[in-house]
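Just so it is clear, the structure is predicted and the values come from calculations on it, not from any experiment.
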Amino acid sequence: MENPTSSRERRNRAGIDDNILAMLDASEAKDAHQDALDDGIAFLDAVRASSIVLEHGKSPTSKIFGAVFHMLRAGKSLELIMASYKLLVDLDKHFPRVYLSGTDDSPSSSNSTSKLVVVKEAWSPIVVCLDNATAVGEAGDRKSGAPLDPSSFQLLIEELAKIFTETEFQATSMKPLRNMLLFQYLVIVLEGDFLPRNATMYWSTQRESLLNMLLGSRKINYKSLMKDCMAVICQLPLLLQNELSTYQELRKNSESLLSKNCHTALSLAILEVMKNTCVSMEKLLVMIMDLDMSRKKADIDGHTSRADGPRTPLMDIILDELAYSKDTVPLFLKIFSEPKWKLEIVVQYLWKYITKPSVRTRKSDGCTEDATFDGALKCFSNKTGTKSILKKIGADVVQLLLAHGFQAQLSILSEGHVDDNIAGDKEGEVSALVALCQTFISTFDSLRSTDEEMEISSLGKEALFTAATIISMKS
């Protein structure tokens with residue numbers, strides 16, 4: 001027999017949702033822009049009040065979620081788009097779809113005693129197995145409140161890539177803003193689903209993540225999707241810089257004051273959303289590489305099956321893209337900041353071009369395949385090898401790789417020291433740090449002796465100054 005209390009709660013919630021949706025229907029029936037805007041904001045406030053602000057608020061129904069999602073995808077005003085995005089993000093934090101039970105914020109909590117909880121009936125903006133999901137292009141009608149399927153996700157990334165590679169970017173258009181915020185929200189959803197699953201260290205739960213099913217869907221072209229992601233993360237900083245210059249020129253111009261005032265808020269919003277889109281794209285790439293690493297480990301342990309299907313690791317695609325267009329190397333390394341994977345990218349890129357000895361003997365002074373940053377640095381001690389690398393990828397790219405790799409390595413070592421509360425060999429740690437800095441400086445000395453006309457870049461000088469400072473402080 002059904003619990004009367006539960007039945008009554010559902011009826012009450014249904015009544016609240018009907019009233020809230022009635023507010024939205026009333027706003028869409030109005031012609032006056034300001035009245036419709038006010039009613040839309042009132043609708044979002046009502047959803048927030050009934051779900052988040054209330055002490056025992058309940059998660060909104062799928063209809064409510066769909067209506068808010070519709071506003072994000074089809075909104076025509078900056079205020080409505082931003083408010084709907086903020087509400088969706090807050091609802092995700094307040095009502096997680098996947099989480100680990102039994103954990104808290106204390107350092108002593110352990111995932112080994114926690115249980116993965118998946119709220120299967122929860123609404124999601126992404127579906128990977130339903131036919132009624134809609135494409136991103138269907139904006140402006142009520143269908144834009146329906147979830148997206150994998151092909152729609154790929155279409156969104158394609159549109160972002162096209163926007164950022166166009167010669168003229170329309171900062172006053174709402175569509176780029178909507179698409180960037182939509183992408184950011186989808187990454188938040190993917191991250192909220194993936195991180196708890198990844199923390200379990202079990203491929204059986206990682207395999208069922210939205211991210212893994214999305215990337216493995218037959219509705220997308222995986223390699224094309226990853227290349228578009230690379231295009232976005234490499235081109236977006238350039239566009240951001242151009243838009244910032246345009247905005248500053250607009251502020252200086254005393255003419256067309258009315259037009260300037262009308263577009264100031266949107267221009268500022270676009271600049272901030274661009275920055276956050278860079279961060280979101282990096283998060284997506286990091287999650288995919290983490291997933292690839294888990295998949296590789298599961299494959300080694302014999303936990304994968306034919307159902308997992310083949311997929312090229314993202315690392316290989318990134319390295320191919322950077323090697324194909326060396327102009328993207330500085331753009332990518334400048335925006336990609338996650339230390340662990342940044343260092344791995346630098347090391348693997350260098351090892352693609354480091355000459356490996358065909359035959360190794362005890363007397364061989366060639367570099368061994370020590371697939372670490374320190375191992376790559378030591379390969380530059382050989383003048384012949386250094387000359388070969390400079391010829392293959394150029395002095396500018398070599399300096400960029402070394403400087404960014406050094407910064408990433410220092411960041412990892414710094415984070416390790418902060419998190420290490422176990423008494424250990426501190427003298428050994430300091431010695432290793434000093435040795436790294438000395439090897440790094442020796443590497444640049446080798447570059448200069450090999451190519452006497454080489455000019456050290458500003459980034460290289462900064463890294464060398466950091467290395468010399470650490471040596472003087474720690475020695």
Side-chain angles (χ1 to χ4, degrees), residues 37 40-41 44 48 68-93 125-126 136-137 139-140 144 148 152-192 228-251 259-287 331-332 334-338:
L37 173 61
I41 296 298
L44 296 175
R48 180 180 293 276
V68 180
F69 194 51
H70 166 78
M71 285 186 168
L72 171 61
R73 295 181 59 197
K76 293 181 173 61
S77 72
L78 175 63
E79 187 178 1
L80 203 58
I81 295 170
M82 297 300 294
S84 58
Y85 168 76
K86 182 67 166 59
L87 178 57
L88 286 170
V89 172
D90 290 345
L91 287 171
D92 267 61
K93 292 180 180 178
I126 305 175
V136 173
S144 62
L148 307 181
S152 304
F153 182 83
Q154 178 155 18
L155 178 59
L156 173 64
I157 304 300
E158 287 177 0
E159 290 193 358
L160 289 176
K162 288 177 182 178
I163 290 172
F164 299 144
T165 53
E166 286 177 354
T167 54
E168 293 186 8
F169 175 73
Q170 298 296 326
T172 56
S173 172
M174 288 294 176
K175 185 176 181 180
L177 180 71
R178 287 197 301 260
N179 281 347
M180 284 189 284
L181 287 174
L182 174 59
F183 170 71
Q184 290 176 36
Y185 173 58
L186 295 178
V187 170
I188 289 173
V189 172
L190 291 171
E191 187 178 41
D228 283 334
C229 287
M230 285 289 292
V232 170
I233 202 170
C234 291
Q235 295 298 326
L236 190 51
L238 293 176
L239 184 59
L240 179 59
Q241 184 177 355
N242 293 338
E243 284 303 308
L244 183 60
S245 300
T246 301
Y247 173 72
Q248 290 172 343
E249 287 296 323
L250 182 63
R251 291 195 64 185
S259 175
K260 180 176 70 174
N261 289 336
C262 289
H263 298 312
T264 295
L266 181 55
S267 298
L268 281 173
I270 283 286
L271 293 174
E272 187 63 27
V273 171
M274 280 182 177
K275 294 177 185 177
N276 293 333
T277 301
C278 285
V279 174
S280 294
M281 184 57 76
E282 180 179 342
K283 285 183 178 181
L284 178 62
L285 297 181
V286 167
M287 280 193 291
L331 299 173
F332 181 81
K334 182 178 180 180
I335 198 66
F336 192 89
S337 59
E338 202 282 326

Might you point out which heavy atoms bring N276 and Q184 nearest each other, and give the distance in Å? CB-OE1, 3.4 Å
Would a 4.5 Å heavy-atom cut-off, applied to side chains only, mark F183 and V232 as touching? no
Sub-4.5 Å side-chain heavy-atom contact between E159 and L182: no
K76 versus L37: any side-chain heavy-atom pair under 4.5 Å? no
Smallest heavy-atom separation, P125 atom then V189 atom, equals CG-CG2, 3.6 Å
List for me each residue that meets side chain to side chain contact (heavy atoms under 4.5 Å, CB included) alongside V89, sequence neighbours excluded, and say none if there are none. Y85, K93, Y185, I188
Contacts of D90 meeting side-chain hydrogen bond (donor to acceptor under 3.5 Å, both in side chains) (sequence neighbours excluded), chain-then-number -> R48, K86
Can you name the closest pair of heavy atoms from G40 and L80 and give their distance? C-CD1, 3.8 Å
Validation row: L72, R178 side chains within 4.5 angstrom (heavy atoms): no
Reference residue V273; test side chain to side chain contact (heavy atoms under 4.5 Å, CB included); the match among L271, I270, T277: T277
Which heavy atom of S84 sits nearest to which heavy atom of L44, and what is that distance? N-CD1, 3.7 Å
Short side-chain to backbone donor-acceptor contact, E338 and E282, under 3.5 Å: no
Could you pull out the closest heavy-atom pair between I81 and M71, with the gap in Å? CG1-O, 4.4 Å
Any L236 side-chain heavy atom under 4.5 Å of I335 side chain: no
